[in-house]
Amino acid sequence: MIPPEDDLTRSVEAVLFAAEEPMTPTEIQSYVGAEANVKAALGELQARYETRGINLVERGGRWHF
């Protein structure tokens, strides 16, 4: 079974990949749930992708791949 935190991280990842434009954590949260710790999931994703050919970056308070 996948831990709930991993489900959240995957959900945030999916939202960002589907997004047409960079998103704020608040915008992401509207898709994954009000109680979700989006900032923690973004940190986890940023760490996972830092050694890959694609990076998760934050610019101007908005996140995108």
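Computed from a predicted structure; not experimentally measured.
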### Query
Taking all non-hydrogen atoms of both residues, which atom of Asn37 and which atom of Ala40 are closest, and how far apart?
OD1-N, 3.1 Å
## Note on the structure
The single option from Arg10, Met23, Gln29 that satisfies side-chain contact (heavy atoms from CB on, under 4.5 Å) with Val15 is Met23
### Summary
Nearest heavy-atom approach of Leu45 to Leu56 is CB-CD2, 3.6 Å
### Query
Distance from Ile28 atom CD1 to Leu16 atom CG, nearest 0.5 Å?
4.0 Å
## Note on the structure
Applied to residues 45-61, the side chain to side chain donor-acceptor pair (under 3.5 Å) test, sequence neighbours excluded, yields Asp6-Arg48, Glu13-Tyr49, Glu44-Arg48
### Query
With sequence neighbours left out, which residue pairs that include part of residues 6-48 fulfil the ring-ring contact (aromatic ring centres under 6.0 Å, His included) condition?
Phe17-Phe65
### Query
Can you list every pair that meets salt bridge (charged side-chain N to carboxylate O under 4.0 Å, His left out) and has a residue in residues 19-43, with sequence neighbours left out?
Glu27-Arg62
### Task
Heavy atoms only: give me the nearest Pro25-Gly61 pair and the separation to one decimal.
CD-O, 3.6 Å
